[in-house]
Number of protein chains: 2
Amino acid sequence: MSDLPPIPVTGPLIVEETCPPRRIHALLSTKWTSMVLYCLSFGALRTGQLQRSMPGISQKMLTQTLRELERDGLVARTVFQVMPPMVEYSLTPLGWRFVEPLRALYGWADDNCDALDELMDNRQRAG
Amino acid sequence: MSDLPPIPVTGPLIVEETCPPRRIHALLSTKWTSMVLYCLSFGALRTGQLQRSMPGISQKMLTQTLRELERDGLVARTVFQVMPPMVEYSLTPLGWRFVEPLRALYGWADDNCDALDELMDNRQRAG
DNA sequence: CGGGATCCTTCAGGATACTG
DNA sequence: CAGTATCCTGAAGGATCCCG
């Protein structure tokens with residue numbers, strides 16, 4: 001909760017299409033990616049558990065998100081050869097690296113509900 | 001870059017629809033909102049400057065995003081009665097509060113390009 | 001239980017043209 | 001320069017059904 005004074009810049013700041021901020025935003029702006037990573041940061045989870053952890057996610061979007069995270073090397077998929085089927089998802093070392101900024105962001109949100117409330121109040125009042 | 005060991009939980013973690021993490025995600029998941037806030041955190045900017053700061057943004061989306069941020073009370077709009085028109089956008093005190101987690105996130109991205117690169121490499125290899 | 005395949009809806013967001 | 005108004009489409013994402 002520091003003061004964060006404006007940083008004086010000599011020239012205008014340019015946020016290029018491929019700069020790190022834009023890239024991390026592209027990754028996290030999809031609806032469920034960050035939530036899945038966040039949930040898995042509390043421990044490996046089975047598909048059903050994961051779905052129940054995120055009320056509102058459809059079965060299709062859950063699988064799709066997991067497939068993408070798997071492809072990106074952030075999540076590992078472990079299949080247990082039993083009946084009925086049992087699959088477990090966990091973070092890879094690379095995946096763990098992305099947890100740090102996520103926890104920071106969501107931790108901030110938890111600690112600053114009042115800011116979020118204020119925002120919603122303003123939105124209400126405006127229509 | 002700490003270790004971030006998994007946090008043991010007694011019951012399953014549930015990320016409710018209205019919990020702070022989901023709310024901050026909803027705000028930042030729109031395409032330009034976070035970038036506008038980020039840019040304005042380096043100083044007040046005029047419309048044209050702002051547009052040039054974010055290559056790729058259309059004039060329509062810029063205005064739309066600014067209107068929403070204004071409505072939410074995160075951005076202030078100052079009109080100077082001159083010809084040609086001159087309008088300046090800046091962060092409100094509430095807006096400044098959201099800059100902290102944003103700078104943290106984007107700062108992390110800047111410091112961890114290699115993680116982002118690794119992710120993209122994995123994605124390429126997978127097709 | 002996990003998940004593939006389809007179909008369908010929505011709407012974010014881009015392109016364009018016009019006003020003051 | 002700043003902003004509004006249309007038009008339009010691509011793609012995200014939800015519902016559903018079926019399979020091992």
Exercise for review: Can you tell me the distance, in whole Å, between the CG atom of Leu62(A) and the C1' atom of dA15(D)?
Suggested key: 16 Å

Practice item. Round to the nearest Å and state the distance from Met86(A) atom CE to dG20(D) atom C1'. Key: 18 Å

Practice item. Side chain of Thr47(B) only, please: which of dG13(C), dG2(C), dA2(D) is the nearest? Key: dA2(D)

Check your understanding: Out of dG3(D), dA15(C), dG13(D), which nucleotide sits closest to the side chain of Lys60(B)?
Key -> dA15(C)

Review point. Between Met61(B) (CE) and dT16(C) (C1'), how many Å, whole number?
Key: 16 Å

Check your understanding: Roughly how many Å is it from CD in Gln51(A) to P in dC1(C), rounded to a whole number?
Key -> 10 Å

Revision key, fill the gap. Of the candidates dG13(D), dG3(D), dG3(C), the side chain of Arg77(B) sits closest to dG3(D)

Review point. Starting at CG of Leu66(A) and ending at C1' of dG13(D), how long is that distance when rounded to a whole Å?
Key: 15 Å

Practice item. Go through Asn112(B) and Arg97(A) one step at a time and tell me if the side chain to side chain donor-acceptor pair (under 3.5 Å) criterion holds. Key: CA-CA 9 Å; Asn112(B) 291 269; Arg97(A) 294 188 61 186; 2.8 Å; yes

Revision key, fill the gap. Comparing nearest nucleotides in DNA chain C, the 5'-proximal residue of the pair Arg67(A), Thr30(B) is Arg67(A)

**Study point:** Val79(A) vs Arg77(A) side-chain heavy atoms within contact, under 4.5 Å
**Key:** yes

Point to revise | Closest heavy-atom pair and its distance - Ser41(A), Leu91(A) | key: CA-CD1, 3.7 Å

Check your understanding: Quick one: the side chain of Gln59(B) and the base of dG3(D), do they pair up donor-acceptor inside 3.5 Å?
Key -> yes

Practice item. Could you say whether Thr63(B) or Arg46(B) is positioned toward the 5' end of DNA chain D, judged by the nucleotide with the nearest heavy atom to each? Key: Arg46(B)

Point to revise | Basic-acidic side-chain contact under 4.0 Å: Arg71(A), Glu68(A) | key: no

Practice item. State plainly whether the residues Asp117(B) and Arg23(A) are in salt-bridge range, i.e. N to O under 4.0 Å. Key: yes

Exercise for review: Would you mind classifying the nucleic acid contact of Tyr89(A) as base, sugar-phosphate or nothing, using non-hydrogen atoms under 4.0 angstrom?
Suggested key: sugar-phosphate

Exercise for review: Looking only at side-chain atoms of Val87(A), point me to the closest of dG14(D), dG3(C), dG20(D).
Suggested key: dG3(C)

**Study point:** Atom-to-atom span, CD of Glu88(B) to P of dG3(D) - whole angstrom
**Key:** 12 Å

Check your understanding: Nearest-Å distance, CD (Gln64(B)) to P (dG3(D))?
Key -> 14 Å

Practice item. Consider the side chain of Pro85(B), meaning its heavy atoms from C-beta on, and name the nucleotide among dT4(D), dG20(C), dG14(D) that approaches it most closely. Key: dG20(C)

Practice item. Output the single nucleotide from dG14(C), dC1(C), dG14(D) whose closest atom is nearest the side chain of Trp32(A). Key: dG14(D)

Check your understanding: Taking CG from Leu45(A) and C1' from dC1(C), how many angstroms apart are they, rounded to a whole number?
Key -> 15 Å

